[in-house]
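All residue numbers refer to positions in the sequence shown, counting from 1.
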Amino acid sequence: MVSFDRFTLDNGLTVLVHHDHTTPMVAVNILYKVGSRDETPDKTGFAHLFEHLMFGGSVNIPQFDEPLQKAGGQNNAFTNNDFTNYYITLPKTSLETAFWLESDRMLSLAFSPKSLEVQRQVVIEEFKQSYLNQPYGDVYLLLKPLVYKKHPYRWNTIGKDILHIEKATMEDVKAFYKKYYNPDNAILCVAGDVKTSDIKALAEKWFGEIPSGEKMKRQYPQEPEQTEARSLTVERNVPQDALYLAWRMPKRTDPDYYAVDLISDILSNGNSSRLFQKLVKEEQLLSEVNAFITGDLDGGLFLVSGKLFPQVSFEEVEKSVMQELYRLKEKEIPEGELQKVKNKAEAALVFSEISVLGKAMGLSYYEMLGDANLFNREKERYLSVTPEIMQKTAAALFGSDKKNTLYYKAKKKS
């Protein structure tokens, strides 16, 4: 049980406080409710660009990392489809440094032409290295627009086109910041050996005078129901053929999310999992196989991927994978097999609650989902999934008319 206090400042900033008296370190996590789904189709990659820009200095603090390092702290951030998360861990004695740093960049990012140019080049280089020049790097640049036709999940967090970042103007960047980087679009969580009254005083002191943003109406284009299977074949300079199968899955807040997550574990979590046993060990069609979910707010992806051995055809692999998926639809999973993956899910949840940073990030995330206390209910939600629910969920998930297939071919050497 992760206990916490919650209060909201007049400007709309939600603040969560978790008390952990076992450590001298404190975690300060700030989650902004802005991800790549908040971008427009002609200006993508901005949420991720901002993750970099936020370290480029604010009006009163030219170097973000310098004072933090002097205070014995560390920090980092990440961006995804739905939100951007910044986190700091530092000794309790230096806690106010984190409030000073985070409030200054929320109130007044520096926006120097130099900072924009430096971070633009960093992101462009990342785009090239991780997505364009790396083997299999463009898989999701190809797969996402195959699955999504309307929703902004159809582009990657890095962006749809490298040109969008190359052409981003100072005006574009400032407008994005003004719209999303506001106290009423953020959740601040502090976890460690702290008192709620002290955190309240610090929050008021450093964030209280930052004005709220304009009221936002979030309306994302709704993805139409998929009614026929789709496929794409590409040829690339890679060592092995690879197969990618994708289905749209329920929203993160949907009760069926937990069954879908457990289905992915039944299929490929560990060497005793079904896909590994059949396609890697018995039939020796694949050198590796994975089934996993993205778990996005508006309905993510259920993915199965595998690298093919030479002389193995896509048809053989796809047929074998689909047989395993149909098995889930036709026959209930034995209770013992289900319990095994539930135990793994429970262990992962327990592990996420060990560190103060894990708790600060978890509470912020579940608060974004609707209530930080959902963090404490995850275990029971996984444990309440029955074989019958698993079978019913698999039947709804793996419709043949809802399948998206990417045949990723290795170029034949001449």
Review point. Do L328 and F398 have side chains that get closer than 4.5 Å, going by heavy atoms?
Key: yes
Review point. Salt bridge or not for E324 and R327, using N-O below 4.0 Å?
Key: yes
Practice item. Write down the atom of L297, the atom of K251, and the distance for their closest heavy-atom approach. Key: O-CB, 3.2 Å
Check your understanding: Is any NZ, NE, NH1 or NH2 atom of the basic residue among R218 and D38 found under 4.0 Å from an Asp or Glu carboxylate oxygen of the other?
Key -> yes
**Study point:** N404 side-chain N/O to R230 backbone N/O, donor-acceptor pair under 3.5 Å
**Key:** no
**Study point:** Sidechain-backbone polar pair: T84 side chain, V34 backbone, donor-acceptor under 3.5 Å
**Key:** yes
Practice item. May I ask you to decide if T196's main-chain N or O and D5's side chain share a donor-acceptor pair within less than 3.5 Å? Key: no
Exercise for review: Taking all non-hydrogen atoms of both residues into account, name the closest pair between P224 and K150 and its distance.
Suggested key: CD-CG, 3.6 Å
Check your understanding: More than 12 foreign heavy atoms under 6.0 Å from NZ of K344: is that the case here?
Key -> yes
Practice item. Using the six-membered ring of F99, assess whether NZ or CZ of K205 lies under 6.0 Å from its centre and within 45 degrees of the ring axis. Key: no
**Study point:** Geometric class of the H151/Y220 ring pair [parallel <30°, tilted 30-60°, perpendicular >60°]
**Key:** tilted
Exercise for review: Hey, can you tell me if Y258 and Y382 have their rings parallel, tilted or perpendicular (30° and 60° cut-offs)?
Suggested key: perpendicular
Review point. In terms of side-chain geometry, is the basic nitrogen of K160 or E39 positioned less than 4.0 Å from the acidic oxygen of its partner?
Key: no
**Study point:** Between Y181 and Y32, ring centroids under 6.0 Å
**Key:** yes
Point to revise | Enclosure of K409 NZ (heavy-atom neighbours >12, cutoff 6.0 Å) | key: no
Review point. Do the ring planes of Y131 and F127 sit parallel (below 30°), tilted (30 to 60°) or perpendicular (above 60°)?
Key: tilted
Point to revise | Any donor-acceptor pair under 3.5 Å from Q391 side chain to K329 backbone | key: yes
Practice item. Check the surroundings of atom NZ in K392: do more than 12 heavy atoms from other residues, nucleotides or ligands lie under 6.0 Å from it? Key: no
Exercise for review: Tell me yes or no: between the side chains of Q240 and S287, is some donor less than 3.5 Å from an acceptor?
Suggested key: yes
Review point. Would you say the side-chain atoms of N376 and N373 include a donor-acceptor pair closer than 3.5 Å?
Key: yes
Check your understanding: If you count the non-hydrogen atoms of other residues, nucleotides and ligands that lie under 6.0 Å from NZ in K319, is the total more than 12?
Key -> no
Check your understanding: Of all heavy-atom pairs between G45 and I165, which one has the smallest distance, and what is that distance?
Key -> O-CD1, 3.5 Å
Point to revise | Heavy atoms of other groups near E209 CD, more than 12 under 6.0 Å | key: no
Check your understanding: Counting only heavy atoms not in D10, do more than 12 sit closer than 6.0 Å to its CG atom?
Key -> no
Point to revise | More than 12 heavy atoms from other groups under 6.0 Å of CD on Q63 | key: no
Check your understanding: Just checking, any donor-acceptor pair under 3.5 angstrom between side chains of Q226 and W247?
Key -> no
Review point. Under 6.0 Å between the ring centres of Y408 and Y136?
Key: yes
Review point. Do the charged groups of E353 and K379 touch, with an N to O distance under 4.0 Å?
Key: no
Review point. Is the number of heavy atoms from other residues, nucleotides or ligands within 6.0 Å of CD (E126) greater than 12?
Key: yes
Review point. Are side-chain heavy atoms of Y148 and L301 found at a separation under 4.5 Å?
Key: yes
**Study point:** Closest non-hydrogen atom pair, N11 against S212
**Key:** O-OG, 2.8 Å
Review point. With no hydrogens and no angle check, do the side chains of E223 and Y153 hold a donor and an acceptor under 3.5 Å apart?
Key: no
Review point. What heavy-atom pair brings D296 and G300 nearest, and what distance separates the two atoms?
Key: OD2-CA, 3.4 Å
Revision key, fill the gap. In this structure, CG of L338 is separated from CD1 of I389 (nearest 0.5 Å) by 9.5 Å
Review point. For the residue pair Y326 and S400, what are the closest heavy atoms and their distance?
Key: OH-CB, 3.8 Å
Exercise for review: Indicate the ring-plane relationship of Y140 and F292, choosing parallel, tilted or perpendicular according to the 30° and 60° boundaries.
Suggested key: perpendicular
Practice item. Any pair with a residue in residues 334-353 that passes ring pair (Phe, Tyr, Trp, His ring centres under 6.0 Å), sequence neighbours left out, goes on the list, sorted by first then second residue, please. Key: none
Review point. Would R105 count as a cation-pi partner of Y177, with NZ or CZ less than 6.0 Å from the six-membered ring centre and within 45° of the ring normal?
Key: no
**Study point:** N/O donor-acceptor pair under 3.5 Å between S364 side chain and A360 backbone
**Key:** yes
